[in-house]
Amino acid sequence: DEITGSFVLSKFLYVSTNQTIPANASVAFAVGTAIVVINSSGTAITLAITTDTMRLSGTASTGTRTIAAYGNSTIIKVAATEWRISGNVT
């Protein structure tokens with residue numbers, strides 16, 4: 001595959017509070033959507049998932065993640081109800 005002029009939604013969130021990814025049933029982001037979450041706070045925040053699945057990239061681990069203080073993460077929708085997350089997360 002090669003990069004073409006067609007791109008899916010990308011969003012940057014600069015936040016200092018916990019965030020939740022809504023279920024596909026309530027907000028149907030397109031597969032391929034990428035969201036960068038930047039923690040502007042000196043304390044860790046959580047990124048939760050509702051009924052869909054959020055998998056830590058490179059692992060089988062799923063569920064809510066913690067973004068480090070002043071850290072960032074990228075979540076990418078890879079299927080209708082599945083997201084992958086990477087970055088400064090545990």
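A side chain to side chain contact (heavy atoms under 4.5 Å, CB included) with I85 is found for exactly one of T74, V37, I35, L56, namely L56.
A distance-only check finds no donor-acceptor pair linking the side chain of T46 to the backbone of A48 [under 3.5 Å]. Between the side chain of T20 and the main chain of P22, no donor-acceptor pair closer than 3.5 Å is present. Looking at E82, its side chain never comes within 3.5 Å of a backbone N or O of A80 through a donor-acceptor pair. For the pair T50 (side chain) and A23 (backbone), a donor-acceptor distance under 3.5 Å is present. Looking at R55, its side chain does come within 3.5 Å of a backbone N or O of A60 through a donor-acceptor pair.
Note: I45 CD1 to S40 OG = 7.5 Å, rounded to the nearest 0.5 Å. Distance CZ/R65 to CD1/I21: 11.0 Å, rounded to 0.5 Å. Rounding to the nearest 0.5 Å gives a distance of 11.5 Å between OG1 of T62 and CZ of R84. Note that CZ of F29 is 7.5 Å distant from CD1 of I75, once rounded to the nearest 0.5 Å.
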| task | Output, in order, the C-alpha distance, side-chain angles, deciding distance and verdict of side-chain contact (heavy atoms from CB on, under 4.5 Å) for M54 and L47. | result | CA-CA 10 Å; M54 180 168 55; L47 182 60; 4.2 Å; yes
| Stepwise, does the side-chain contact (heavy atoms from CB on, under 4.5 Å) test hold for T53 with W83? | CA-CA 6 Å; T53 301; W83 294 81; over 6 Å; no
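Residue I76 is found in a hydrophobic cluster whose other members, listed by chain and number, are V78; membership requires side-chain heavy atoms under 4.5 Å apart, directly or through intermediates. V36 forms part of a hydrophobic cluster together with F12, Y14, I38, judged by ILVMFWY side-chain heavy-atom separations under 4.5 Å.
The shortest non-hydrogen separation linking G42 to A69 is O-CB, 3.2 Å. The two atoms that bring I67 and S73 nearest to each other are CD1-OG, 3.4 Å, heavy atoms only.
The side-chain heavy atoms of N39 and Y70, taken from C-beta on, include no pair separated by under 4.5 Å.
By the side-chain hydrogen bond (donor to acceptor under 3.5 Å, both in side chains) test, N24 is found to be paired with K77, residues two or more places apart in sequence or in another chain being considered.
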